[in-house]
Asks: 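The structure is given below, and queries will be raised subsequently.
Ligands are counted one by one from 1 in listed order, and the atoms in each one are counted from 1 as well.
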Amino acid sequence: MTEKTHPIDPEKLDKLAEVAVRVGLNLREGQDLLLTAPMEAAPLVRRIATHAYRAGAGLVTPLYADDGVTLARYREAGDHSFDRAADWLYDAMAAAFTADTARMGVVGDDPMLLAEVDPAKVSRANKALSSAYTPARRMITNFDINWNLVPWPGRAWARLVSPDLPADEAVARLAEAIFAACRIDRPDPVAAWAEHNAELARRSGWLNDRRFAALHFTGPGTDLRVGLADGHEWMGGASVARNGITCNPNIPTEEVFTTPHAARVEGHVRATKPLSYQGTLIEDIAVRFEGGRIVQASASRGEEVLLKVLDSDDGARRLGEVALVPHSSPISQSGLLFYNTLFDENAACHIALGQCYSKCFTDGDLSGEEVAARGGNESMIHIDWMIGSDEIDIDGVTEDGSRVPVFRKGEWAD
Ligand code: ZN
Ligand code: ZN
């Protein structure tokens with residue numbers, strides 16, 4: 001197929017690559033770039049490499065994932081395969097990050113790839129991978145280097161989002177939704193991102209000035225008080241990595257977020273969107289917290305996977321993130337369910353199970369013990385799920401118990 005008849009507009013795809021490099025990574029001259037991507041995303045990866053070298057990249061190294069090889073493993077590999085991961089590869093990633101290599105992940109894989117394989121094998125393989133990836137992942141969650149995730153409108157993903165459309169039309173529709181969400185449809189996308197980053201900074205600044213002790217979420221099936229970590233800081237949009245580079249880790253992004261207190265979450269909450277977790281769709285999640293810990297959990301679909309995830313380690317039943325997103329965000333307004341956290345989390349307020357962002361504290365460079373002492377959670381998982389909708393109200397609760405409206409009917413209250 002030539003590019004002319006391709007369902008993805010090549011000019012917009014090129015702008016997406018430019019935004020990923022200039023806004024997402026803000027790649028520094030001479031910096032190396034490590035890219036991971038599904039094979040299908042090669043047209044975007046090549047454009048990213050072009051813009052990266054134009055920006056002065058030293059070396060761009062792509063690592064492609066192949067769905068066919070992944071499926072072959074689950075179908076044919078012996079039992080010994082599922083507690084293993086390519087440790088050497090993840091060690092090399094950690095070495096690259098230590099040497100100040102920037103990290104970009106192109107996201108667009110088949111969300112349902114593993115839907116038909118044994119969930120016990122998936123869980124074991126994920127656990128092995130998670131553990132092998134821990135040193136490299138810590139550098140990402142500690143924000144040691146500039147990193148960025150950027151979407152690719154993959155065919156299987158597009159089919160899941162628009163099951164009633166012919167394949168090419170589904171890809172075209174997803175591509176246009178991605179371009180809108182990433183502000184690629186604006187006359188000057190790089191300038192539009194500067195404006196958007198300023199607005200997110202204003203919202204986080206307001207929350208930081210209030211110094212709420214907790215947020216109280218209420219809505220259908222939800223009455224949840226999320227205590228915030230001591231000395232927490234709200235962040236959103238562009239932020240400065242520890243290597244000094246101001247970058248936008250997520251393209252798109254609509255959230256302002258911070259670190260909850262791992263022991264101060266009480267009440268019950270119901271998910272407002274399905275969670276697509278490594279090939280399994282988990283629907284209608286409902287959980288109850290006591291003393292920060294999930295003591296009861298259910299789902300109408302994918303419950304077995306959810307319960308396994310909660311047993312990953314000690315921190316998996318506690319919160320590592322709380323994030324606010326207005327219902328009027330462009331992603332929510334698209335009306336699409338993307339089955340992809342990068343998009344769906346930016347359509348709604350969300351919480352995440354597991355690892356916290358140690359960067360979300362006012363006094364910066366904290367050790368692991370200091371983060372834990374302030375209530376920051378530690379886990380090998382970090383899984384966002386959506387609890388916001390146009391029916392959710394949020395109050396900020398101050399230390400002395402007074403309440404300030406933060407969200408009303410899914411929108412900023414002021
Ligand atoms: Zn988030
Ligand atoms: Zn998150």
Side-chain angles (χ1 to χ4, degrees), residues 24 103 105 107 126 130 133 137-143 147-151 181-182 196-197 199-201 203-204 207 215 217 224 226 228-229 232-239 241 247-262 265 269 271-278 282 285 287 294 306 309-310 312 315-327 329-332 338-361 371 376-389 392 394 406-407 410 412:
R103 161 91 169 95
V107 180
N126 284 342
S130 222
Y133 188 42
R137 192 192 49 236
R138 280 230 172 91
M139 281 185 255
I140 301 291
T141 55
N142 284 344
F143 211 8
W147 62 272
N148 163 249
L149 296 176
V150 65
C182 299
H196 181 48
N197 277 326
E199 166 69 3
L200 292 171
R203 294 295 186 187
S204 0
L207 287 161
L215 294 181
F217 292 76
L224 183 73
V226 179
L228 303 178
H232 69 273
E233 182 173 17
W234 288 90
M235 305 182 88
S239 47
C247 66
N248 265 91
N250 288 356
I251 299 277
T253 187
E254 301 290 335
E255 63 173 343
V256 295
F257 61 98
T258 195
T259 296
H261 196 291
V265 183
V269 59
T272 49
K273 285 171 183 289
L275 167 63
S276 174
Y277 175 69
Q278 298 184 338
I282 308 177
I285 300 175
V287 304
I294 292 178
L306 173 68
V309 166
L310 292 179
S312 307
R317 285 178 181 267
R318 297 180 187 270
L319 294 188
E321 178 191 345
V322 57
L324 305 183
V325 179
H327 187 69
S329 91
I331 297 168
S332 176
F338 287 86
Y339 299 92
N340 178 302
T341 299
L342 182 58
F343 282 79
D344 293 322
E345 80 158 351
N346 280 302
C349 293
H350 56 273
I351 48 183
L353 298 173
Q355 180 65 42
C356 75
Y357 283 101
S358 58
K359 181 87 180 162
C360 287
F361 289 92
V371 168
N377 192 34
E378 196 189 326
S379 171
M380 66 166 78
I381 66 160
H382 177 97
I383 302 169
D384 300 275
W385 51 287
M386 277 42 82
I387 63 167
S389 73
I392 288 284
I394 307 170
V406 176
F407 265 50
W412 289 101

Asks: Taking just the N, O or S atoms of Glu345, which one is nearest to the Zn ion (ligand 1)?
Replies: OE1

Asks: Give the intermediate values and the outcome of side chain to side chain contact (heavy atoms under 4.5 Å, CB included) for residues Ile392 and Phe407.
Replies: CA-CA 7 Å; Ile392 288 284; Phe407 265 50; 5.7 Å; no

Asks: Side chains of Asn346 and Asn250 only: does a donor on one sit below 3.5 Å from an acceptor on the other?
Replies: no

Asks: Please determine whether a side-chain nitrogen of the Lys or Arg among Glu378 and Arg138 lies less than 4.0 Å from a carboxylate oxygen of the Asp or Glu.
Replies: yes

Asks: In Glu255, the N, O or S atom nearest to the Zn ion (ligand 1) is which?
Replies: OE1

Asks: Applying the side chain to side chain contact (heavy atoms under 4.5 Å, CB included) test to Val269, which of Ile294, Val287, Ile285 qualifies?
Replies: Val287

Asks: Output yes if His382 passes the N/O/S-under-2.8 Å test against the Zn ion (ligand 2); output no otherwise.
Replies: yes

Asks: Check all N, O or S atoms of Glu321 and name the one closest to the Zn ion (ligand 1).
Replies: OE2

Asks: Check whether any side-chain heavy atom of Trp147 sits under 4.5 Å from a side-chain heavy atom of Phe143, and report yes or no.
Replies: yes

Asks: For the Zn ion (ligand 2), which N, O or S atom of Asp384 is at the shortest distance?
Replies: OD1

Asks: Measure from the Zn ion (ligand 1) to every N/O/S atom of His350 and report the name of the nearest one.
Replies: NE2

